[in-house]
Amino acid sequence: MSKNKFYVTTPIYYPSGIPHIGTSYTTIAADVVARYKRLQGYDVMFTTGTDEHGQKIETSALKEGKLPQKYVDEIVEHFKNLWNLLGISYNKFVRTTDLSHKKSVQKIFKKLYNSGKIYKGKYKGWYCTPDEAFFTDTQLVDGKCPDCGREVTWAEEEAYFFKLSEYADKLLEYYENHPNFIQPESRKNEMIQFIKSGLDDLCVSRTSFNWGIPVDFDDKHIVYVWLDALTNYITSQGYASDNETDFYKYWPADVHFVGKEILRFHVIIWPAILMALGLPLPKQVFAHGWILFGDGSKMSKSRGNIIDPVILSERYGVDALRYFLMREFSFSSDGIFTNEALINRINFDLANDLGNLLSRTVAMVDKYFGKALPESQKEGAIDNELINFAINLRKEYEIKMDNYKFSSALSNVWLLISKCNKYIDETMPWKLSKDPNKKDRLARVMYNLCECLRIISILITPFMPDTSKKIQDQIGAHKHKCTWKLASEWGILPYNLEIQKGDSLFPRIDVKKELEELNKMVENNAKIAANEFKAKNEEAAENVVRLIDIEDFAKIKLIAAKIIECEPIKKSKKLLKLTVDDGQGERTVVSGISQYYTPEELIGKSIILVSNLKPAKLCGVESNGMILAATCPENKVKVIFVDEEIPAGSKIC
Ligand code: ME8
């Protein structure tokens, strides 16, 4: 029998900067679901990736003096490395610059155009020429470009449009008939209101920048970002390619995880595109809340907290970070990140509750029995309560997980952990160990604790895969005893336990000392950031093209002049002394071009002369003007020669 499939996605992230705690949050959540579903026996497809086209990426690349492809290649490496570090078990990583994606997008665009769902029209708006960007009335700031503050002009650009306006009623009807499509429920109303306020057709092509997928039947146009980005969810499965097997196997997606700010694109534009293509819609779009920082911002570089996922993983371990992100925040709401909260979770939940339970249990089994437990007693009431709770836990947990209530699912598991710790306090194994008649009872208590740890280890696998494995190794629970099915069954471990004492799972952190150290790091980072900022500004100031008025240009007197004589200046390796006819008479000009020209190559040639430059002495020779030359690739210099028929002294403007 073939397995049921489950398809989960993250947004494809902009590689305009390296991945951060926010992008890690969504990706870890999707990974938790993928691992959970695999444990349950599903055939899982889990995709993530990068959204690499668009003007912003092009501009960022150019600012760094890189070609866009090189720029994105480098950042995508950061994404892949971080996902690797965080144990993200994606099946496919989609890049919108992948050839296969590009080809499929071109086909999709053509299909929509041929069926009349895309048409050619005019994009109208306020245009900022230096930024090459259109803005609407409301986007302008004081009537000027919101990005650079310069003047904007009203402009129209030929563009293709997708007939989004035709889908308003169909979308509303779809929401009505599929009440779980938009989750959490609380965000649905906002989407309905948005549609009811009127949908405009959507601009899906641009001609004002180049970094994108060309429309193959009209290559002046490139596909504008959302059509390119959203379709990743089907192109990654081979839709509109030569091999659509995965598409038929996995589409429609079971859930798209997105941040709340892009819900609109996923529940309005995306379903409309799918309807236009005649394809089924994803079963659900889940918009999670934002991780906010102490100052209430969505993403702040550091402001008093260390939030870099690499640093956090290295300091506390990947599983601790994964656990914290999934436990601390309710997935559907916003939450505030602080290092203190993270450290407290590690100390209380992981070191105290879980870590202690494991180390105490393993140490006691080892001390009292060595390897094998005697086959023991029937359970008493106190045992039955624990056992019932443990074997019923999976059901409760599944209800939470199926609704993406990660924090509640974990909190259920932690209930069992605290019940176990309480059970130890109540049964007092150290007392039982002193009474030879209680050996059986002691064995039963130990066995119950190990069985609970086995169940706990299975249920935390999606969140903390490494920790789960460490627990199973320490209690000697072989893999086949830790299947999903066996998470709700009792008596699975053999009596001859193969206990392996190991390191403590999560060492306790000295909160005060750690926070002091983190503060020092924050201060240091702020200093480094300030220096980088200063250096970047200085570099930018050097590269900036300062615009001049026509009056400024008019101050420069350019004329044609003819070189009559030319000789090297002995004291210099670079300079040539030129005698030129400027139409009024002769004058001497010094030029740094001896590496590129011999005197013979220059004599008799006509050049452009800046004739009103103040005289300057170079290597003892007075220069009266400057000849124009171009700096070519590899720093080669080429003099600009002019038509010899232009008489010396002619004004050039
Ligand atoms: O929007 N808290 O890419 P993007 C929680 N390319 N999640 C956060 C977060 C935060 N502070 N910051 C970011 C794009 N995220 C488009 C998507 S999909 C077809 C195209 C997460 O790089 C969250 O999932 O801006 C959010 O939706 C996503 O990163 C935005 O990533």
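Everything quoted here is computed from the prediction, not taken from an experiment. First listed ligand is number 1; within each ligand, the first listed atom is number 1. Here, residue 1 is the first one in the sequence, and each next residue gets the next number.
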What are the two closest non-hydrogen atoms of Y7 and Q237, and how far apart are they?
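Heavy atoms only, the tightest pair is OH-NE2, 3.4 Å.
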Does K5 count as lying over the ring of Y250, i.e. NZ or CZ under 6.0 Å from the six-ring centre, within 45 degrees of the axis?
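The answer is no; the distance or angle limit is not met.
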Aromatic F324 / basic R345 pairing, under 6.0 angstrom, 45° off normal:
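No cation-pi geometry.
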For ligand 1, find out whether one of its N or O atoms is nearer than 3.5 Å to an N or O atom of [X].
{"X": "I291", "result": "yes"}
{"X": "D51", "result": "yes"}
{"X": "L230", "result": "no"}
{"X": "W290", "result": "no"}
{"X": "T26", "result": "yes"}

Do Y316 and E514 pass the side-chain hydrogen bond (donor to acceptor under 3.5 Å, both in side chains) test, and can you show the C-alpha distance, the side-chain angles, and the key distance before you say yes or no?
CA-CA 11 Å; Y316 310 117; E514 179 68 7; 2.6 Å; yes
Run the numbers for me: atoms of ligand 1, each under 4.0 Å from some heavy atom of [X], listed by number.
{"X": "Y13", "value": "3 (O), 22 (O), 28 (C), 29 (O), 31 (O)"}
{"X": "G289", "value": "5 (C)"}
{"X": "A229", "value": "19 (C)"}
{"X": "I262", "value": "1 (O), 17 (C), 27 (O)"}

Return yes when [X] approaches ligand 1 closer than 4.0 angstrom through a heavy atom, no otherwise.
{"X": "P15", "result": "no"}
{"X": "H20", "result": "yes"}
{"X": "W270", "result": "no"}
{"X": "F265", "result": "no"}

Run down the list H288, H256, H266, E261 and name the one with the heavy atom closest to atom 30 (C) of ligand 1.
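Looking at heavy atoms only, E261 sits closest to atom 30 (C) of ligand 1.
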Ignoring hydrogens, just give me the one of N232, T10, T27, I12 whose non-hydrogen atom is nearest atom 17 (C) of ligand 1.
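Answer by nearest heavy atom: I12.
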We want to know whether S89 and R38 form a side-chain donor-acceptor pair, criterion being a heavy-atom distance below 3.5 angstrom.
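Result is yes, a qualifying pair exists.
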Decide, yes or no, whether a salt bridge links [X] with [Y] under the criterion of side-chain N to carboxylate O below 4.0 Å.
{"X": "D216", "Y": "K103", "answer": "no"}
{"X": "R35", "Y": "D31", "answer": "yes"}
{"X": "K120", "Y": "D218", "answer": "yes"}
{"X": "E158", "Y": "K220", "answer": "yes"}

Are N519 and E523 close enough, and set up right, to give a side-chain hydrogen bond (donor to acceptor under 3.5 Å, both in side chains), and what steps lead you there?
CA-CA 6 Å; N519 273 339; E523 276 167 27; over 6 Å; no
For ligand 1, the portion of K260 having any non-hydrogen atom under 4.0 Å away
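Near ligand 1, K260 shows nothing, with every heavy atom at 4.0 Å or more.
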How does F257 reach ligand 1, by side chain, by backbone, by both or by neither, if only non-hydrogen atoms under 4.0 Å count?
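Neither part.
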Looking at V72, I213, I222, which one forms a side chain to side chain contact (heavy atoms under 4.5 Å, CB included) with H53?
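Of the listed options, the one satisfying the test is I213.
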